[in-house]
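Each remark here refers to the structure printed beneath this line.
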Amino acid sequence: MTHIAFIGLGNMGGPMAANLVKAGYTVNGFDLSATALQQFAAAGGRPADSVQQAVDGAEVVVSMLPAGQHVESLYLGESGLFARLPAGTLVIDCSTIAAHTARGVAEAAAAAGLRFLDAPVSGGTAGAAAGTLTFMIGGDAANVEAARPLLASMGKNLFHAGAAGAGQTAKVCNNMLLGILMAGTAEALALGVQNGLDPAVLSQIMGNSSGSNWVLERYNPWPGVMDSAPASRGYSGGFMSELMLKDLRLASETAGQSQAANPMGSQAQQLFEAHVAAGNGKLDFSSIVQQFPQR
Ligand code: NAD
């Protein structure tokens, strides 16, 4: 069975790696956080002391890191992994990063004789735990086919978006929309509550009306409305506000580079800029509801 190295065992990478273990793969994992390594070991993974130890003997490397600079520093440069991995190794980066950064990493991988895919995901930590993520993949079709069985252990929808970087472009579009939906849903709930409505009742009404959306169905931002949502556990875990801000900045950057317009995305970005600047970067992004007056 394929031997996999998994780098980055955080909110998403931890449960994703655990699903690979469950599917029967041998998974060596590495993270800078001792807690993440302990949780990975408890899930049956093999924790490594270093990136190098994790990739020893691996046929596939999967990474799930916060942002582009982490991905570049893992793979590129004299001390990067691309200088050390055996030719033909399949490298799958699932982090959400800029499409141009992913294309640069893909070029460096090709120059080193490696096979590379950008494969960011959607579905949140619940989707990561349930193995129901959506993968948006950029790269060569043959490499996508090689990765398919492994990705299917972590997700149920696998989309080949196009050439290198295309997965990241799709992800940035999706997350810009998610940021807008979360900010808009929070705004609507706060408006109702300020005017005397019960947030649970209003959520039910809008969830069965034309305002229905993924946030209302799965990720309600109002505390106590949805037991399974981060809002009901103090906005811990989930998808950090600083990561959503990173994605909204990526959307603005992408719009600027392609002469596209993102007026709604930049409004959402401004809200998240203020929210993160106020010290809420580590809270789940649904905590944006705190930017609106509440009774
Ligand atoms: P996270 O901060 O929980 O996890 C990232 C992990 O990477 C941390 O445990 C950190 O210690 C580790 N790390 C950082 N640098 C490292 C290095 N050099 N070597 C080894 N480990 C290193 O973040 P997350 O929520 O898991 O998100 C990861 C990526 O997935 C981000 O790009 C994010 O935008 C994207 N994403 C997150 C969600 C979500 O709901 N949380 C959903 C879809 C996509």
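Whatever order the structure lists ligands and atoms in, that order sets their numbers, starting from 1.
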[X] side-chain N/O to [Y] backbone N/O, donor-acceptor pair under 3.5 Å:
X    : Y    : answer
D118 : G165 : yes
N220 : W222 : yes
T101 : G68  : no
E59  : H3   : yes

Show me the donor-acceptor pairs, under 3.5 Å and distance only, between side chains in residues 86-95 and residues at least two apart or in other chains.
unit_1	atom_1	unit_2	atom_2	d
T89	OG1	P86	O	2.6
D93	OD1	S63	OG	2.7
D93	OD1	S95	N	3.4
D93	OD1	S95	OG	2.7
S95	OG	L65	N	2.9
S95	OG	L65	O	3.4

Minimum non-hydrogen distance to [atom], winning option of [options]:
atom                    : options             : answer
atom 2 (O) of ligand 1  : M240, Q69, Q39      : M240
atom 30 (O) of ligand 1 : K282, M12, M64      : M64
atom 18 (N) of ligand 1 : L74, V71, N175, L32 : L32
atom 14 (C) of ligand 1 : G8, P66, A67        : P66

Interatomic spacing from NE2 in H275 to CG in N280 - rounded to 0.5 Å: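 If I round to the nearest 0.5 Å, the distance is 4.0 Å.
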
Students should be able to answer this: which protein heavy-atom is nearest to [atom], and at what distance?
atom                    : answer
atom 23 (O) of ligand 1 : L243 CD1, 3.7 Å
atom 40 (O) of ligand 1 : F239 CB, 3.3 Å
atom 6 (C) of ligand 1  : D31 OD2, 3.6 Å
atom 22 (C) of ligand 1 : L65 CD2, 3.4 Å
atom 4 (O) of ligand 1  : G10 CA, 3.3 Å
atom 43 (C) of ligand 1 : V121 O, 3.4 Å

Parallel, tilted or perpendicular: rings of Y219 and F285 (30°, 60°):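 Tilted, since the angle between the ring planes falls between 30° and 60°.
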
Donor-acceptor side-chain pairing of Q269 and R249 below 3.5 angstrom: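 Side chains of Q269 and R249: no pair found under 3.5 Å.
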
G238 near ligand 1 by a heavy-atom separation under 4.0 Å: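 Yes.
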
M244 near ligand 1 by a heavy-atom separation under 4.0 Å: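 Contact absent.
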
Closest contact, heavy atoms only, M176 versus G265: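 Looks like CG-CA, 3.8 Å.
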
Smallest separation among heavy atoms of P66 and L243, with atom names: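 Taking P66 first and L243 second, the nearest heavy atoms are O-CD2, 3.9 Å.
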
With heavy atoms only and a cut-off of under 4.0 Å, state how [X] meets ligand 1: side chain, backbone, both or neither.
X    : value
I7   : side chain
N11  : both
K171 : side chain

Subset of ligand 1 atoms that lie under 4.0 Å from at least one heavy atom of T96: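 Near T96, the atoms of ligand 1 are 32 (O), 34 (O), 35 (C), 44 (C).
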
For K246, the ligand 1 atoms whose distance to one of its heavy atoms is below 4.0 Å: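 Those atoms are 31 (C), 32 (O), 33 (C), 34 (O).
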
M264 CE: over 12 foreign heavy atoms closer than 6.0 Å: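 Atom CE in M264 is not packed in, count stays at 12 or less.
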
